[in-house]
Amino acid sequence: MTGTLISAEVDYEAPGKQSGYLRIPHSVHRSAYSWLPVPITVIRNGDGPTLVMAGGTHGDEFEGQIAISRLAQAIEPEQIHGRLILLPMLNFPAAQAGKRTSPIDDGNLNRLFPGDPKGSPSEMIAHYYEEVVMPLADYAVDLHSGGSSLFYPATLLRGMGHSPEEAAALKQMQDALDLPYAWVFTSGGGRESTARTAMGAANRKGVVNVMAELGGAGVVTPGILKRTERGLRRLMNSLGMLPGYTPDTAKGTRELNACGSVYAYSEGVFEPLKSIGDEVFEGETVGLIHHPDTPQQTPDEVTSPYGGIVLCERAMALVRRGDAVFQIAADATTETSGA
Ligand SMILES: [Zn+2]
C-alpha cells in the first residue's frame, strides 16, 4: 500500500476511455469536506505500453496543458494499443491560479518529489505521481515551458540513459518528438536519482522518460503548440501505440549540453543584446541593465561566462541580482546515444 489519501475517479485497469479527477482531500474554512480536483483521463485498449503525459506541473506553463487536454478529447480507445494516462494540470491549484507554485501551500511541484502522502496538497500530488502513477508506466513525458519568467524554444530534455537499452529508448523518444533542440543531461538520472523533479520520480521507478520546455513568458505560442501536438502523436506512433497515424518527415533535432545561466548582478531594467539561437562568445556583453531611476547612471554590462548559443532568455524586463537572464548551451560533445 502506498499510504496515499488521494482517490482516483478513474480505474487504471479498465478498458475504454474515462475522464474524471484525482481527489486531493482539502478541508478548509469554506468547504469542510472538499477535495481539490486534479483532472485525469485514462484511455486503454488491448496490449501495449503505458505512456503517462503530464502538464501543469508548473501552473504557468500552458502548451502542455492544451496539448494533453486536446489528446484526451481526440483520442478514442480503438485508435490506440496500450494505455494513455493524461494529466494536463498535475498541480491543479497552481494551474488554476496560473502560477508556478501552488497558492495553497507555495509548493513548487517539480522540487517536491518524492513527496509525502500525508503532507501538503503539492506533496501529496508528488507522492501519488511517484508511488501510484509511475509504477503503472513504461514511458513518461512531463511538459513544461519557461513559465512566466523565462522563454524557451521547443526543447526536449533527457538523460543519457543508464543502459544501452534505455539510451536507445530515449533517443527514440527524442527522434519521435522531433523538437528543434534537445538538452541532453550529462549526469544524474537512473534508479538512484535523488532529483526532486518528476523526471527523478520516473527515473527511480525505471520509467523511460523525457521532459520538454515549450515556450514560456506566461503565454501560449501557436507554433510551439503545433510542434508539441505533432510530437506527441509521433511519439505514440513510434511506441506502437497509435498505428493509424502516419508521421511526416522528421525536421531534425540539435543536441545541446547546458553550459549554465547568465545572471544579473544588479537591479534594473534588462535589455537583452542576444536572442534565442544566437551565438555567444565567452566574455561577450550579452545584455545591459539600465537604471532609469537614477539620472546619468550608465547601464551595467552583463557578460556571458560561457561560449555557446542562447537556449533560453528571461521573459521579464525587470531584474534583480540573482535572476537568470540567459541560459547558454553548446553543441553536445558527449556521446549521447550510448550508455
Ligand atoms: Zn516548469
Side-chain angles (χ1 to χ4, degrees), residues 38-39 52-69 86-115 120-123 125-126 128-130 133-134 140-159 173 177 179-185 188-189 193 195-203 207 209-221 224-225 227-229 231-232 256 258 260-261 276 311-316 323-327 329:
V38 176
V52 175
M53 300 191 205
T57 300
H58 291 134
D60 60 344
E61 304 177 358
F62 300 105
E63 279 79 357
Q65 296 186 36
I66 294 175
I68 293 170
S69 297
L86 304 173
L87 293 156
M89 280 186 162
L90 188 57
N91 197 358
F92 170 76
Q96 183 184 39
K99 297 263 169 67
R100 181 173 182 82
T101 55
S102 171
I104 291 176
D105 53 20
D106 280 335
N108 177 350
L109 182 56
N110 219 31
R111 303 291 184 275
L112 283 175
F113 294 90
S120 71
S122 297
E123 290 170 331
I125 293 168
Y128 187 88
Y129 185 83
E130 179 153 347
V133 178
M134 283 301 101
V141 181
D142 185 26
L143 299 180
H144 288 250
S145 80
S148 302
S149 70
L150 298 173
F151 192 92
Y152 275 93
T155 305
L156 180 97
L157 281 66
R158 69 171 177 93
M173 292 179 83
L177 280 157
L179 301 180
Y181 296 97
W183 165 5
V184 183
F185 303 140
S193 172
R196 296 176 296 159
T197 59
M199 181 173 269
N203 284 332
V207 178
N209 76 101
V210 298
M211 61 178 283
E213 299 286 0
L214 305 160
V219 301
V220 175
T221 304
I224 291 179
L225 178 57
R227 195 77 185 250
T228 304
E229 293 178 338
L232 295 179
L256 303 168
S261 295
I276 283 170
L311 177 59
C312 152
E313 65 188 10
R314 182 166 169 83
M316 294 173 167
D323 287 338
V325 293
F326 290 117
Q327 185 185 35

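First listed ligand is number 1; within each ligand, the first listed atom is number 1. Heavy-atom basis, side chains included; hydrogens, waters and symmetry copies ignored. In this text the structure is predicted, and so the values were computed from the model without any measurement.
- For Glu123, the salt bridge (charged side-chain N to carboxylate O under 4.0 Å, His left out) criterion is met by no residue, not counting sequence neighbours.
- There is no side-chain donor-acceptor pair under 3.5 Å between Asn91 and His58.
- The closest side-chain donor-acceptor pair between Gln327 and Tyr152 falls under 3.5 angstrom.
- Looking at Asp105 and Ser120, their side chains do bring a donor and an acceptor atom within 3.5 Å of each other.
- Only protein N, O or S atoms were considered, and those under 2.8 Å from the Zn ion (ligand 1) are His58 ND1, Glu61 OE1, Glu61 OE2, His144 ND1.
- For the residue pair Gln65 and Gly55, the shortest heavy atom distance occurs at CG-C, 4.5 Å.
- Here CZ of Arg196 is found 12.0 Å from CG of Leu109. Values are rounded to the nearest 0.5 Å.
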